[in-house]
Every structure is written in C-alpha cells, then in structure tokens.
Amino acid sequence: MGFVKSWRVILLLHSYIVFPLSGATISFLIMEAGPPKERPVYEFSRLWENSLMDVFFEAGHIVSNAPIMRLKAASTGVFPDEAQKEFQEAIAGGSDFFILVLLEYPGMPEGALQRPQSISLRLFSTKPYRSLAEQHYPRATDLSPAEELLEVKKAARTLLAHLGR
C-alpha cells in the first residue's frame, strides 16, 4: 500500500514540474500615433487592448496593462523611447513578456470614424530582454465590428505561439 501511495506522490510532483501551475505574466502597452492629445482614446485602440488581453488571459496567462499612450507620430525604432518607462515598470512588476501595440491613425476630418491606418504588434521577453516577434497589419476599412474582433483575436493567437521561444 505504501508503494502505491509513493507512486501517486511522485506522479503528482511530476505533473507540477511538467505542467506549471501558472502561465506567464504579460504586460501590454497600447500606443496611438497621430491623434491630438486632447481627443479621447479611439474605440479601435480599446478593441485591440481588450481583445488581446482577453485572448492571453483565456490561455492561462496573467495580464496587466498600462494606460493607452499617445504619440505625436509613429516612432521609427523597434522600441519607442516613450515606452521605456512602462517597460521598466513591467520588469519591476515581474512581467515575463511585454507586448507593445502601435496603432497609427491617419489625419482624418473631425467626426469621421477613426480606424488605424496600420497596426504593429511587438513581443518582447523581459528576462533576458530580446525581441521575439513583430507583426504588421494594414487595416481594411470595410470590416464589420465582428470581423474586426475576429482579426484581433487571430493576431493575438499568432503572438501566443511565440511565448515558448
């Protein structure tokens, strides 16, 4: 009887080693490039933020986010200087990964539906710091909200595949 209990304990411990109890901790930063600072955050920025976080949370990861940040124009580097503070806070908070989403909005007349002209997703490992993946999406203007949601979730699942690298 003791032998059977010992094997159960060994199998239980093995399952904790092979299948960790918790997922990775992931911090998100959404950046809007182009719109004036006094404008409210665009609905598509919130859609991307909420949908990305939902997909990662549903996959078993711990997610957090910084407030949506505004830039005057898109940054030319892989990692914008404006994101450094949020990245350092993510590291201090124990994040394993940092996802930066840059939504570029074209200059459009006031009152027009603001869709991002292009979207960049960048996945970084925090320990050690390195870029793991980058995706770019030109946005079609004829997507319904339901189609847009499906596209965002598809993009999130593509990033999920890079977490194990």
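Of all non-hydrogen atoms in A155 and Y137, the two that sit nearest each other are CB-OH, 3.3 Å. Summarising the geometry of P67 relative to L29, their closest heavy-atom pair is O-CD1, 3.7 Å, with the distance given to 0.1 Å. The minimum heavy-atom distance between H162 and T158, with the atom names listed, is CD2-O, 3.2 Å. Scanning both residues, A90 and F98, for their nearest heavy atoms gives CB-CD1, 3.8 Å. Heavy-atom minimum distance, S125 versus P128: OG-O, 3.0 Å. Nearest heavy-atom pair across V63 and F28 is CG1-CE1, 3.8 Å.
Annotation: the span from L103 atom CG to R46 atom CZ amounts to 12.0 Å, rounded to 0.5 Å. The distance from the CG atom of L159 to the CD atom of Q135 is 4.5 Å, given to the nearest 0.5 Å. Residue L123 holds its CG atom at 9.5 Å from CZ of R130, rounded to the nearest 0.5 Å. Note that CD of E151 and CH2 of W48 are 8.0 Å apart. Values are rounded to the nearest 0.5 Å. A distance of 8.5 Å separates CG in L100 from CG in L121, rounded to the nearest 0.5 Å. Once rounded to the nearest 0.5 Å, the distance linking CD of E32 with CZ of F44 reads 12.0 Å.
Judged as a side chain to side chain contact (heavy atoms under 4.5 Å, CB included), and not counting sequence neighbours, the contacts of Y129 are F79, F87, F124. Looking at residues two or more places apart in sequence or on another chain, you find a side chain to side chain donor-acceptor pair (under 3.5 Å) between S120 and H136. With sequence neighbours excluded, the residues that form a side chain to side chain contact (heavy atoms under 4.5 Å, CB included) with T25 are I62, S95, D96. In this structure E89 satisfies the side chain to side chain contact (heavy atoms under 4.5 Å, CB included) test together with K85, E86, sequence neighbours excluded. Remark: E134 pairs with R122 by the salt bridge (charged side-chain N to carboxylate O under 4.0 Å, His left out) rule, at least two apart or across chains. In this structure, L150 has no side chain to side chain contact (heavy atoms under 4.5 Å, CB included) partners at least two apart in sequence or on a different chain.
Considering only heavy atoms from C-beta on, L47 comes within 4.5 Å of E148 through its side chain. In this structure, L163 and I26 have side chains that are in contact, with non-hydrogen atoms separated by less than 4.5 Å. Considering only heavy atoms from C-beta on, I119 stays 4.5 Å or farther from L102 through its side chain.
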**Report entry** M31 and R70: CA distance, side-chain angles, deciding distance, side chain to side chain contact (heavy atoms under 4.5 Å, CB included) verdict
**Finding:** CA-CA 6 Å; M31 301 176 92; R70 285 270 168 91; over 6 Å; no
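Sorted by first then second residue, the side-chain hydrogen bond (donor to acceptor under 3.5 Å, both in side chains) pairs that include residues 53-65, not counting sequence neighbours, are S27-S64, E49-N65.
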